[in-house]
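First up is the structure itself, then whatever we jot down about it.
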Amino acid sequence: MTLVFASGALALSASLSLGTYFSARHLLVEQRERTALRQAFTDAALVRDRLLTPGSEGSEVLGSIAPATGAVMYLHRGDTWYSSSLDRPRQDVTDVVVRTVDAGSAGLAWTDLTDPHAIVVGVPLPAVGASYYEVSVAEELAATLRTLAWALVVCAALTTAGGALLGRAASRRVLQPLGAVAGAAVQVSAGDLKTRLDETSDPDLAVLVGAFNHMVDALHERIERDARFAADVSHELRTPLTTLTTSLGVLQGVPDLSAGASSAVQLMATELARFRRALEDLLILGRLDAGAGEGETVTVGARELVRQALQASRRPPNLLSTGEGTHEPPVDPLLDVDRRQLLRALINLFQNADLHGGGLTGVAVDAVDDHVEIRVRDEGPGVPAQDRERIFERFARAGGAKEGTGSGLGLSIVARTAANHGGDVWCSDVHDRGGAEFVLRLPRSGASGTAG
Amino acid sequence: MATRLLVLEDDDGLRASLRLLLEGDGYEVAEAADAERALELVHAAPVHLMLVDLMLGGMDGFSFIRRVRPTTEAPIVVISARDGVEDIVSALEAGADDYVTKPFDVQEVRARLRALLRRPVLVAGEPAGGHSSDGAPRDDEVFVLDQEDGPLVFNRGAAQLSRGQHEIHLTMTEYRLLSVMAENSGLVLSRSSLLEHVWEEGFFGDERIVDVHVRRLRKKLERDPSAPRTLVTVRGLGYRLDTR
């Protein structure tokens with residue numbers, strides 16, 4: 001926008017300057033020509049009067065008249081040319097003026113044989129059989145025009161600079177609110193639905209600010225309504241689902257069920273278990289979406305957290321890597337976490353490895369700068385590159401995943417938990433051994449301790 | 001005599017299915033759809049364990065637990081759709097022994113009921129263990145916690161806590177918590193370590209639940225629970241049982 005304003009100012013100032021220059025030049029030239037003509041006619045009259053005096057010679061006559069400053073007089077009588085200046089040859093008198101005068105009329109023309117240019121005026125003097133010419137160098141006119149040109153160039157430059165500054169100020173005024181809107185939009189898209197633009201007294205911007213804030217309000221309300229609806233529905237389903245599972249427990253205890261009935265009961269048990277998992281995960285996601293903590297934030301070692309998750313999910317503690325090539329107890333980098341949420345996220349990763357990755361093969365904890373990376377490895381076929389982001393979406397399954405084995409929400413819960421803790425989770429290959437590696441990356445707490 | 005359970009649940013379907021399930025497991029089941037009726041049933045005949053919903057019409061589950069707790073030692077298991085930590089802590093503070101969130105796994109509930117019903121203090125007239133062949137308690141099962149103002153003795157084998165001749169009732173969770181702390185007396189136990197050892201069933205609830213039970217236990221161990229001298233807090237680390 002600054003460039004547009006500067007270009008516009010340049011074009012405008014250049015046009016005005018050129019117009020001013022040529023108008024002024026035309027006026028000054030016209031004025032100079034009138035002056036030259038008037039002077040030439042006055043001098044010609046003097047020359048004629050002196051030539052009418054008997055015995056007078058052209059050279060004497062020209063010598064007796066003082067020419068105007070910078071002017072040279074010429075007299076052509078018979079075949080002889082007379083000049084008031086010894087060092088200015090007759091060539092200054094242009095042929096076109098000579099021809100006009102010879103035809104009996106006064107003539108005027110500019111000549112570039114001098115520097116600066118000069119005005120040549122010719123006046124026929126038929127009464128004395130002569131022609132009078134006066135060549136005036138337009139020195140003051142050239143100086144005036146030069147000064148005017150420089151003044152106009154400076155004005156045009158200043159106008160262009162002013163235009164550029166004006167453009168910059170205007171673009172800032174226009175783009176600053178747009179920048180604020182863009183920044184707020186980025187924050188909203190990142191999930192911060194509390195972002196709002198500050199109120200403004202500028203009536204032009206107030207409309208934009210109002211519309212943006214209204215849009216975010218509507219979006220926030222809609223997301224909350226959807227989350228509330230999902231949570232309400234899930235909550236209302238809890239008791240009937242409990243009744244179903246309890247009744248199924250009764251059926252499973254009945255002796256002597258026929259083979260068909262027994263299979264039906266088993267199918268119901270499988271599906272109810274799946275339903276229950278989905279319901280629980282939906283409720284968990286609802287809480288995570290609402291940003292609700294489930295417990296107080298505690299500072300705990302990452303390795304200790306993994307050990308507790310392995311124990312809580314009845315997995316052998318030796319799945320936690322102790323570090324290679326060292327006999328020192330591994331340093332346990334500290335995390336500030338909602339313990340319950342993080343244990344659930346880790347167990348979800350373990351279950352994912354068991355369900356889709358051929359079994360959990362190991363968990364490693366690495367401190368990387370100011371973060372901690374918990375790596376959960378399996379020995380399955382790995383996750384195709386094109387599915388590695390999609391598997392963290394709700395109810396998404398990678399190409400080869402078995403149907404009906406999980407709720408389809410486990411990895412979404414991991415991703416949401418990581419995000420709520422200022423961290424991230426992603427999937428990659430374990431290049432040397434095959435299988436997939438899920439990396440849960442969390443910000444490290446200020447201090448670090450040693451595993452006990 | 002069959003073990004008598006009380007089911008306090010206002011949802012007819014769930015109450016009926018629980019009754020069928022528990023009767024199938026050999027329990028005698030008394031049902032109540034509201035707290036007032038449940039109080040009548042508790043007062044009418046001894047109840048060995050109660051399953052209590054929190055959200056009820058009229059008196060709610062929290063109030064019921066607070067009303068019934070001083071009158072019976074029977075374990076109380078809360079069954080609720082509310083799964084917030086605040087609800088769990090409030091229920092335990094009120095006097096509940098366990099908390100199960102709906103929808104629950106039937107096998108898990110069965111296991112929890114069995115564990116709570118195995119509580120030694122309920123086996124009237126018979127020691128739960130820890131006695132030598134001549135009937136005397138083994139030394140490694142008896143912990144003298146405090147000598148002032150009459151000895152405070154915890155007989156783990158017999159699941160008895162007594163100060164002089166006065167026996168102090170312990171719930172199952174309190175018994176297990178005190179057992180773990182007595183075994184490690186003088187050592188600091190972190191809240192997560194206590195969670196692991198006292199709540200064995202893969203429970204990974206909030207550590208504030210440990211605090212709730214420590215507070216409850218202090219009321220029984222300490223002369224001044226607000227200035228504990230036996231079960232002390234080690235700031236930032238956990239809890240330690242000091243025997244004097």
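In what follows, chains carry the letters A, B, and so on, assigned in the order in which the sequence lines appear, proteins first and then strands, with residues in each chain numbered from 1.
- With a 4.5 Å cut-off on non-hydrogen atoms, B:Ser190 does not touch chain A at all.
- Contacts from residues 238-246 of chain A to chain B, taken as heavy-atom pairs separated by less than 4.5 Å, involve A:Arg238, A:Thr239, A:Leu241, A:Thr242, A:Thr243, A:Thr245, A:Thr246 in sequence order.
- In this structure, chain A has heavy atoms under 4.5 Å from both the backbone and the side chain of B:Asp105.
- There is no contact between A:Leu251 and chain B, counting heavy-atom distances below 4.5 Å.
- Crowding of B:Arg4 atom CZ: a count of heavy atoms from other residues, nucleotides or ligands under 6.0 Å exceeding 12.
- With a threshold of 4.5 angstrom between heavy atoms, B:Arg19 does not approach chain A through any atom at all.
- Contacts with chain A were tallied for B:Ser192, B:Ser80, B:Ala16, B:Gly24; B:Ser192 has the most, counting heavy-atom pairs under 4.5 Å.
- Heavy-atom distances place the side chain of B:Arg110, and not its backbone, under 4.5 Å from chain A.
- To the nearest 0.5 Å, atoms CD (B:Gln107) and CD (A:Gln252) are separated by 7.0 Å.
- Side-chain contact between A:Leu279 and B:Lys102: absent, with no pair of heavy atoms (C-beta onward) separated by less than 4.5 Å.
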